[in-house]
Amino acid sequence: MPLKLKEAFSSLSKKLGDVLSKKELTEDDIDEVFDEVQVTLLEGDVAYEVVEMLRDILKKELSGLKVSRFSRAEKEVKEKITDSIKRLLMRGVMGSDIIQAIKESPKPYIIVFMGVNGVGKTTTIAKVAYLLLKNRLKSVIVAADTFRAGAQEQLEIHARNLSLPFIKGKYGADPAAVAKDGVIHAERKGYPVVLIDTAGRMHTDRNLMEEIRKVVRVVKPNLKLLVLDALTGNDAILQARWFDKAVGVDAVILTKLDADAKGGSALSIILTIGKPIMFVGVGQEYDDLVPYEPSEILNKLLGE
Ligand SMILES: Nc1nc2c(ncn2[C@@H]2O[C@H](COP(=O)(O)OP(=O)(O)OP(=O)(O)O)[C@@H](O)[C@H]2O)c(=O)[nH]1
Ligand SMILES: [Mg+2]
């Protein structure tokens, strides 16, 4: 449980509640209290940019606040803070339901998964395939990671577990050609979805970024999903910017939320990447993938 974040927000509510029980809240009061809890927020892995974002929002939402009953002051502040954060989290909500989108789209519906090394792309593909399968949508699983030893085998095991068709190429083969093979297979056999795994790549590696652009050019996916690891904080924000600039990112899957001990890292990513969050990963099993739901995130971050 993210203790630091809870500590910071409960201290914020308490201090502001104290002031409010005596007088109307002003912007200066909020600044002063924010200065006091800022360190705790930063210690909880909240990015500086997000600390300032919260400060601005709370100044807007809380200044001028008065209470009629002294005993309600802290509670009212707390509710306002929670509402404000929830409203910020709402920005990450997807406008559409993926299952519905796939069912309504011409077949096959093609999804490319991308991201830096080790964020959870391959595991996430297995989870998405499982979720689609539960909705009677069979995917062709494509290992366009022809680069790292063991990568294709790792994905193949998942495909076998789920009894789904699996397409791979030789090691060192052109990932775009392998991806295209997967699409052709789905077209021929009438599979409704193609899930394409790509090699982990540092966003700073020009050749690998060019390679993923080629995959996208060749298969023209319906959806380009960026997988981000909740534990990487500020770096995830940079990754999102780079991938978006190089390839374009339609939506994000945020993994390892279960392992984000402090909570501030996930909060910062969600509030700054400016992309919808399609799912969050909450463990290593196939059903540890849940839709992004602001009230649940809020509950996880600030709940009891
Ligand atoms: N706790 C937790 N672990 C996860 C989650 N998602 C993935 N993992 C773990 O993260 C590690 C890396 O996952 P992979 O799926 O291999 O990551 P990848 O992005 O495909 O890695 P590369 O192909 O090497 O770039 C594995 O040990 C996964 O089990 C999650 O939501 N929660
Ligand atoms: Mg992988």
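Counting convention: from 1, in listed order, for ligands and their atoms alike. The first residue of the sequence shown is numbered 1, and numbering continues consecutively from there.
Partners of His185 according to the ring pair (Phe, Tyr, Trp, His ring centres under 6.0 Å) rule, which considers only residues two or more places apart in sequence or in another chain, do not exist here. Residues meeting the side chain to side chain contact (heavy atoms under 4.5 Å, CB included) test with Glu24, sequence neighbours left out: Lys66.
Protein heavy atom in closest approach to atom 11 (C) of ligand 1: Lys256 NZ, 4.1 Å. From the protein, the heavy atom lying nearest to atom 3 (N) of ligand 1 is Gln284 CG, 3.5 Å. Residue, atom and distance of the protein heavy atom nearest to atom 30 (C) of ligand 1 are Gly283 O, 3.2 Å. For atom 23 (O) of ligand 1, the nearest non-hydrogen atom of the protein is Arg148 NH2, 3.3 Å. Scanning all protein heavy atoms for the shortest distance to atom 25 (O) of ligand 1 gives Lys121 NZ, 2.8 Å. Remark: minimum distance from atom 16 (O) of ligand 1 to any protein heavy atom is reached at Gln154 NE2, 2.9 Å. Ranking the protein heavy atoms by distance from atom 15 (O) of ligand 1 puts Thr123 OG1, 2.5 Å first.
Remark: ligand 1 atoms within the under-4.0 Å shell around heavy atoms of Gly200 are 25 (O). The atoms of ligand 1 that sit less than 4.0 Å from any heavy atom of Gly281 are 31 (O). Atoms of ligand 1 lying under 4.0 Å from at least one heavy atom of Val282, given by number and element, are 31 (O).
Among the atoms of Thr122, an N, O or S atom is found under 2.8 Å from the Mg ion (ligand 2).
Of the options Asp258, Asp197, Leu231, Thr255, the smallest heavy-atom separation from atom 2 (C) of ligand 1 is shown by Asp258.
At a 4.0 Å cut-off, at least one heavy atom of Val119 sits close enough to ligand 1 to count as contact. Using a 4.0 Å cutoff on heavy atoms, Lys127 counts as a contact of ligand 1. For Gly118, the heavy-atom gap to ligand 1 drops under 4.0 angstrom.
Between Glu32 and Lys15 there is no salt bridge, since no side-chain nitrogen of the basic residue lies less than 4.0 Å from a carboxylate oxygen of the acidic one. Using a 4.0 Å cut-off between charged side-chain N and carboxylate O, Asp288 and Lys127 make no salt bridge.
Donor-acceptor pairing under 3.5 Å is lacking for the side chains of Asp229 and Thr232. Between the side chains of Thr122 and Asp197, a donor-acceptor pair is found at a separation under 3.5 Å. Thr40 and Gln38 share no side-chain donor-acceptor pair at under 3.5 Å.
Taken to the nearest 0.5 Å, the NZ atom of Lys59 stands 9.5 Å off from the CZ atom of Phe34.
At least one N or O atom of Gly120, backbone or side chain, sits closer than 3.5 Å to an N or O atom of ligand 1.
Heavy atoms from other residues, nucleotides or ligands lying under 6.0 Å from CD of Glu285 number 12 at most.
Aromatic ring centres of Tyr130 and His158 lie farther apart than the 6.0 Å criterion allows.
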